[in-house]
2 protein chains.
Amino acid sequence: MAGLKQVQRQTGVALWRQIADRIREAIGNGAYDETGMVPPETVLALQFGVNRHTVRSALAALAQEGIVRAVQGRGTLIERKERLNFPITRRTRFTAGIGDQARETRGLLLDEAQEEASAEIARWLGLKQGEQVIRLETLRHADRRPVSKATSWFPAERFAGIGEAYRKHESITKAFAELGLADYIRATTEVTAAHAATADLADLELTPGAILLIAKAMNTDLDGVPVQYSISRFAADRVQFTIEN
Amino acid sequence: MAGLKQVQRQTGVALWRQIADRIREAIGNGAYDETGMVPPETVLALQFGVNRHTVRSALAALAQEGIVRAVQGRGTLIERKERLNFPITRRTRFTAGIGDQARETRGLLLDEAQEEASAEIARWLGLKQGEQVIRLETLRHADRRPVSKATSWFPAERFAGIGEAYRKHESITKAFAELGLADYIRATTEVTAAHAATADLADLELTPGAILLIAKAMNTDLDGVPVQYSISRFAADRVQFTIEN
DNA sequence: TTCAAATGTCTATTGATATAGACAACTATA
DNA sequence: TATAGTTGTCTATATCAATAGACATTTGAA
C-alpha cells in the first residue's frame, strides 16, 4: 500500500498537479487520518521523487481548494475530507440517498427551458423527435458543498410547471408529487467518467483536470412510462456510487 | 452541442493535453462519424482558441496512441474509436458482458499470491482479519485492446488453485466452475472514478491524466456466501457501465 | 495543369514548470 | 531557553509549453 508514489514527466500534466491529485485522493481515502496532517514537504518530495518546491506548488493548489491549510512550524493540516455514497437502486432519489449522510441538502434551479426533443432525448422519453420537452439545469448541494450538476428532460405536456415546483421544493421527488406523480422508479442508469467541462468546473467548484462521474438515468412511473431523463455530473472525489443487486 | 470548445490555462494541465482529451472524447461520442476525420488543424485552433501548433501537439499525442493518423494534404483520419458497454446486474460477468460487443476477449493473469486478509478484504469476504486469501492480478482485453485491470481476492481454503484455473480458462466464471462453483451472483458494486496510477497506465496503454472507472465488486454464491471481492480499473474512454433495474 | 486546402517543418520569443540551494520564521518540546 | 522540525521566501538556472510567422509539401478537385 505504501511504496514509492510515482509521477510521470513530459505528459502535459504538470508534476505539481499530479501530486495534488494524488494527495487529494489519499486524503479522501483516509490515508492521513491518524495525524490529521499531510506528511512534511520534505517527506512528500522524497516519496514522489521531486523537489520540495514542486510539492509546495501542489499543496498550495490544495490549500486554494480549501482541502488543507499550512501552518508555519507545525505542518499542513487537513481541513476537509468528504466522500458521499450515492446508492443506485430502483428507488434512487438524490435527496433521500444523500440525506442520511449530510446535515443539509439543497437543490438549485439554474435554468429552465421548453424545447423540442432531440433524437436522443426522444428515444429515452419514448417521444417522437421534435415533441416538446422541459429541460431543467439543477445544482445539488450537500452541507453547502456542490455535489452534482444535472440536466433533466421531462415530457412538457405531462409535467408543465415542474420548474416552478422544483424551485419551490428543491427536490424532483416533491416536484413530481405536486404534479400528481406520487411514485417513480429508476429504470436505467449509465455511468461514465470524463474530465469536467469548463461550464461545470465553476458550478461544482472544481479545478481543471478534475474528474466527473457521469450518470445518465431514466426514470419511469409505476406503469413503466418514462417521466424523466437526466445527465448528472458528480465531482468524482466527493462521491461514489453503490449498486446493490 | 457545437459552441466554443473551451480549455483553461495555468491549471497544471497543458493545453495540448486538454485538447487531446476533448478530441478523444469527441471521437468516442461519434462527433466526427460523418467524415471519419477530425476537423482541420486551423479550425480546431479557432474552436479551442489556441495556436495551430498547440493543436498539432494534441493531435501528435493522439496519433501516438493510434487514435488518429495525419495525412499531408488530406487531413487527420480517425483510426480507432471504441466505447464498450459493460452491464452491471446480478449476473454480471466480464466475458459474457463484453462478449457480444467484441470479436475476441482475453484474460491475462499478471500475478498471483496467497496472503493474509487485510481488515477491508476480510470484511468484504466475511472472513476474520489475517485469514488466508488468494489475490489475483488480471488484465482483460477485448479485440487485443486492454480494457480493464483487476485485483481480486478469494477465500484461500475454498478456492485453492484458482490462479491456475484462471490461467487456463482466461475467465473467472470458468475458473469457478472448475473448482465446483457452478453459479454466482454480483451482490454489490461500488463505482468511483480516479486518475490512473502509474502501474495501471502501462498495462492499460493509457497516458497520464487518463481517467479510470473503478468498480469495487463483491460476488457471492447462491447461498449468499462471499466468494470474490475485486477492484477493477477500466479505461474510462473505452467503457461505460449500464445499470438496469 | 492549376489551385485551394490541408499537413509538415523551421526559427524565434515569452511565460510556465521544475530543480537547486540558502536562509528566515514559526511551533512544539525537551 | 535551546533546539529539532517544520513552513515561508528569495535567487538563479534549465527545460517545457504556447504563441507567432513564414514557407514547403502533399492531396484532391476544378
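Below, chains carry the letters A, B, ... as their sequence lines are ordered, and counting in each starts from 1. Here the structure is a predicted model, which means the values were calculated and not measured.
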Exercise. What do you reckon, is CD of A/Glu79 surrounded by more than 12 foreign heavy atoms closer than 6.0 Å?
Worked result: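 Yes, because the 6.0 Å sphere around CD of A/Glu79 holds more than 12 heavy atoms from other groups.
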Problem set entry | More than 12 heavy atoms from other groups under 6.0 Å of CD on A/Glu205 |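 Above 12, so yes.
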Using only side-chain N and O atoms of [X], determine if any of them is under 4.0 Å from OP1 or OP2 of [N].
| X | N | answer |
| --- | --- | --- |
| B/Thr76 | C/dT7 | yes |
| B/Arg56 | C/dG8 | yes |
| A/Thr54 | C/dT19 | yes |

Problem set entry | A/Phe241-B/Phe241 aromatic ring centre distance below 6.0 Å |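 That pair fails the under 6.0 Å test.
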What is the distance, rounded to the nearest whole Å, between atom [atom1] of [X] and atom [atom2] of [N]?
| X | N | atom1 | atom2 | answer |
| --- | --- | --- | --- | --- |
| B/Leu15 | D/dA17 | CG | C1' | 8 Å |
| B/Leu46 | C/dA6 | CG | P | 13 Å |
| B/Gln18 | D/dA17 | CD | C1' | 12 Å |
| B/Arg74 | D/dA29 | CZ | C1' | 13 Å |
| A/Asn51 | C/dA22 | CG | C1' | 13 Å |
| B/Arg9 | D/dA17 | CZ | C1' | 11 Å |
| B/Leu62 | C/dT7 | CG | C1' | 16 Å |
| B/Met37 | D/dT26 | CE | C1' | 13 Å |

Exercise. Counting side-chain heavy atoms from C-beta on, which of D/dT19, C/dT19, C/dT7 comes nearest to A/Val50?
Worked result: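 Looking only at side-chain atoms, A/Val50 lies closest to C/dT19.
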Problem set entry | B/Ala70 side chain, from C-beta outward: closest of C/dG8, D/dA18, C/dA18 |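 The answer is C/dG8, which lies nearest to the side chain.
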Exercise. Could you walk me through whether A/Lys216 and A/Tyr229 pass the side chain to side chain contact (heavy atoms under 4.5 Å, CB included) check?
Worked result: CA-CA 7 Å; A/Lys216 300 186 180 183; A/Tyr229 176 66; 3.5 Å; yes
So, does the side chain of [X] form a donor-acceptor pair with the base of [N] at under 3.5 Å?
| X | N | answer |
| --- | --- | --- |
| A/Arg52 | D/dG8 | yes |
| A/His53 | C/dA20 | yes |
| B/Gln72 | D/dT25 | yes |

Exercise. Under 3.5 Å, is there a donor-acceptor pair between the B/Arg140 and B/Ser148 side chains?
Worked result: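 Indeed, the side chains of B/Arg140 and B/Ser148 share at least one donor-acceptor pair under 3.5 Å.
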